[in-house]
Amino acid sequence: MEIIKAVRGFKDILPGETERWQFVEDTARKVFSDFGFKEIKIPVLEKTELFRRSIGETTDIVEKEMYTFEDRGGESLTLRPEATASVMRAYLEHSLHASDAVSKLFTFGPMFRRERPQKGRYRQFHQINVELLGPGDALVDAEVIYMLMLFLERVRLTGVSLEINSLGCPECRPSFRKVLGEYLAKKEKTLCEDCQRRLGTNPLRVFDCKVEGCKAAVSAAPFLIDYICERCKEHFREDQEGLKALKTAFAVNPRMVRGLDYYTKTTFEVTTKSLGAQNAVAGGGRYDRLVKDLGGPEVPGIGFAVGVERLISLLPELMEDIVRSPDLYIASLGQEARKLAFILCNRLRHLGILAETDYSNRSLKSQMKRSDKLGARYTLLLGENELKERKAFLRNMKGGSQEPVGLDDMENQLVSLLKAR
RNA sequence: GUGGGUGUAGCUCAAUGGUUAGAGUGUCGGGUUGUGGCCCCGAAGGUUGAGGGUUCGAGUCCCUUCACUCACCCCA
């Protein structure tokens, strides 16, 4: 019979990898809570309408990447392609804005997009998501970005760079689109097919194109940040001052464009050179209209998402310090000893010691090999002779030295010995 | 969605169209009574991704399909 395999683009995360996931999540919890953020848990399934309204009808995500289906009641549901929309929904549904002027929220979880799988791109992938709602001040932007960079530093990620940009606001962006559209129209012939199409739909996207002709056409193009209104300019300037004050290195990338419609003003991305085409490790920005667009009060917000698979693939390999190996392996010989090993092993676990033993009556040699393979610090040798003489041998697996331990009160002796380090 | 590359043991890879598809590594066992790592010996482990075709004969050639992978696209 043929075995059933996982759905394309969906991955198992096995022991050996999960340690890194836990490390990343634990670090995130610690850092974010130091900044006053609280964890929120939200469903993976939402009404389709939520994403259409927040992400934008004409974005690629909504147009061709969502897992949308009708449930048995005939309602259109969608596996979330990102988390911000759900957090906003929960924020409004539970009127969090009414109970506190500032909401600092983070969440972990899987997201779903039906794209062709590739390095660093899966159909189910995980994000760490942070949202800060309430204040619209530029210093908040700097603080959130600072927290992101601190988190990345704490998980020992290196070789990344931070880029920021401003997308302006609903008042000033349209006028720039017009300016850019007119500029690019003059160069239409040098643009690739895709970009010629983009002229009509979203000329800002041409900035993202990697085709040489388009790069050249765009190299002298006007920049959005030169056309944004005074208020947006001031906001962007304060944001940069904030980052400088917090000694956070960044570069302004006037060509950075983001794929979700709800962003306004500050946007940012953390990228790497070692991930191939999927170079964004984290990204986010300010969304001052989103809450209102979803039917809520006028509450500005800012947030970011970290791609966990991408982040983990960039982490240094050597992380032995986070995998736990046994403190003690109990090797037993004979029925009586085996029974005692069984009791002792579980009592030690009860006391917080990672103990292992073997129940299948294997040769001492096999048990020693297993102890070695598991990386146990000590092996306790418990056989018929030891039972008779009321003492067992405790072997240090690193040096190979052995010392006797009295059978009576052995539990306490072992605990004090093993917990000493 | 479009294009390229790759599918052989758990993993990394061999095998001119020609016997019974091999090696390393890993797993399990053994190398005189009850001691790990190094070394030696042995065993288990495969529908050669799947399905069709060409051929006296296919892991090898052809077609289809699936998966993986890289790039486009998009984004975390």
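Owing to the predicted nature of the structure, the values given are computational and were not obtained by experimental measurement. Proteins get letters first, then strands, A, B, ... in listed order; numbering begins at 1 in each.
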side-chain N/O [X] vs [N] OP1/OP2, d < 4.0 Å:
{"X": "K369(A)", "N": "G29(B)", "value": "no"}
{"X": "R8(A)", "N": "C68(B)", "value": "yes"}
{"X": "T272(A)", "N": "A76(B)", "value": "no"}

[X] near the nucleic acid: base, sugar-phosphate alone, or nothing, with a heavy-atom cut-off under 4.0 Å?
{"X": "T379(A)", "result": "nothing"}
{"X": "G400(A)", "result": "base"}
{"X": "T59(A)", "result": "nothing"}
{"X": "E309(A)", "result": "nothing"}
{"X": "G9(A)", "result": "sugar-phosphate"}

Identify which nucleotide among [options] has an atom closest to any side-chain atom of [X], counting heavy atoms from C-beta outward.
{"X": "K11(A)", "options": "G34(B), G36(B), U69(B)", "result": "U69(B)"}
{"X": "N385(A)", "options": "G34(B), U35(B), G1(B)", "result": "G34(B)"}
{"X": "Q118(A)", "options": "G34(B), G36(B), C73(B)", "result": "C73(B)"}

Could you state the atom-to-atom distance from [atom1] of [X] to [atom2] of [N] in whole Å?
{"X": "D358(A)", "N": "C28(B)", "atom1": "CG", "atom2": "P", "value": "10 Å"}
{"X": "N279(A)", "N": "C73(B)", "atom1": "CG", "atom2": "P", "value": "12 Å"}
{"X": "K373(A)", "N": "U25(B)", "atom1": "NZ", "atom2": "C1'", "value": "13 Å"}
{"X": "K398(A)", "N": "U35(B)", "atom1": "NZ", "atom2": "P", "value": "24 Å"}
{"X": "E65(A)", "N": "C72(B)", "atom1": "CD", "atom2": "C1'", "value": "14 Å"}
{"X": "R113(A)", "N": "C73(B)", "atom1": "CZ", "atom2": "C1'", "value": "14 Å"}
{"X": "R255(A)", "N": "C75(B)", "atom1": "CZ", "atom2": "C1'", "value": "20 Å"}
{"X": "M368(A)", "N": "C38(B)", "atom1": "CE", "atom2": "C1'", "value": "15 Å"}

Counting only heavy atoms not in [X], do more than 12 sit closer than 6.0 Å to its [atom1] atom?
{"X": "Q118(A)", "atom1": "CD", "result": "yes"}
{"X": "Y227(A)", "atom1": "OH", "result": "no"}
{"X": "R154(A)", "atom1": "CZ", "result": "no"}

Fill in the blank from the handout: Sorted by position of nearest nucleotide on RNA chain B, 5' first, the leading residue of V270(A) and S401(A) is S401(A)
Problem - Earlier contact from the 5' end, RNA chain B, for K119(A) and Q278(A) - result: K119(A)
Practice task
Would you check, one step at a time, whether the test salt bridge (Lys or Arg N to Asp or Glu O under 4.0 Å) holds for K265(A) with D288(A)?
Solution key: CA-CA 8 Å; K265(A) 295 182 182 165; D288(A) 288 347; 3.5 Å; yes
Exercise for the section: Please round to the nearest 0.5 Å and tell me the distance separating atom CG of L152(A) and atom CG of L315(A). Expected result: 9.5 Å
Give me the distance, rounded to whole Å, that separates [N] from [M] when you measure between the [atom1] atoms they each carry.
{"N": "A71(B)", "M": "C13(B)", "atom1": "C1'", "result": "26 Å"}
{"N": "U6(B)", "M": "U65(B)", "atom1": "C1'", "result": "16 Å"}
{"N": "A44(B)", "M": "U54(B)", "atom1": "C1'", "result": "37 Å"}
{"N": "G59(B)", "M": "G49(B)", "atom1": "C1'", "result": "12 Å"}
{"N": "G10(B)", "M": "U55(B)", "atom1": "C1'", "result": "35 Å"}
{"N": "U64(B)", "M": "A23(B)", "atom1": "P", "result": "36 Å"}
{"N": "G36(B)", "M": "G45(B)", "atom1": "P", "result": "28 Å"}
{"N": "G46(B)", "M": "A21(B)", "atom1": "P", "result": "13 Å"}

Is the backbone of [Y] close enough, under 3.5 Å, to the side chain of [X] for a donor and an acceptor to pair up by distance?
{"X": "R310(A)", "Y": "N279(A)", "result": "no"}
{"X": "D12(A)", "Y": "L14(A)", "result": "no"}
{"X": "E238(A)", "Y": "H235(A)", "result": "no"}
{"X": "Q127(A)", "Y": "F108(A)", "result": "no"}

Handout entry: Selection: residues 26-43 of chain A, any non-hydrogen atom under 4.0 Å of RNA chain B
Key = none
Handout entry: Sequence-distant partners of K47(A), side chain to side chain contact (heavy atoms under 4.5 Å, CB included), two or more places apart
Key = E75(A), L77(A)
Completion exercise
Given Watson-Crick and G-U pairs under 3.5 Å, RNA chain B in dot-bracket ([ ] crossing, | other strand) is (((((((..((((....[...)))).(((((.......))))).....(((((..]....))))))))))))....
Let's test your reading of the model: under 3.5 Å, does the base of [N] pair with the side chain of [X] as donor and acceptor?
{"X": "R362(A)", "N": "C28(B)", "value": "no"}
{"X": "K365(A)", "N": "G31(B)", "value": "yes"}
{"X": "R116(A)", "N": "C68(B)", "value": "no"}
{"X": "E63(A)", "N": "G1(B)", "value": "no"}
{"X": "Q367(A)", "N": "U35(B)", "value": "no"}
{"X": "R370(A)", "N": "G36(B)", "value": "no"}

Exercise for the section: Taking the six-membered ring for Trp and the single ring otherwise, decide whether the centroids of F106(A) and F32(A) are under 6.0 Å apart. Expected result: yes
Handout entry: H97(A) ring center within less than 6.0 Å of Y91(A) ring center
Key = yes
Problem - Candidate list R324(A), R370(A), R349(A), test salt bridge (charged side-chain N to carboxylate O under 4.0 Å, His left out), partner E356(A), passing option - result: R349(A)
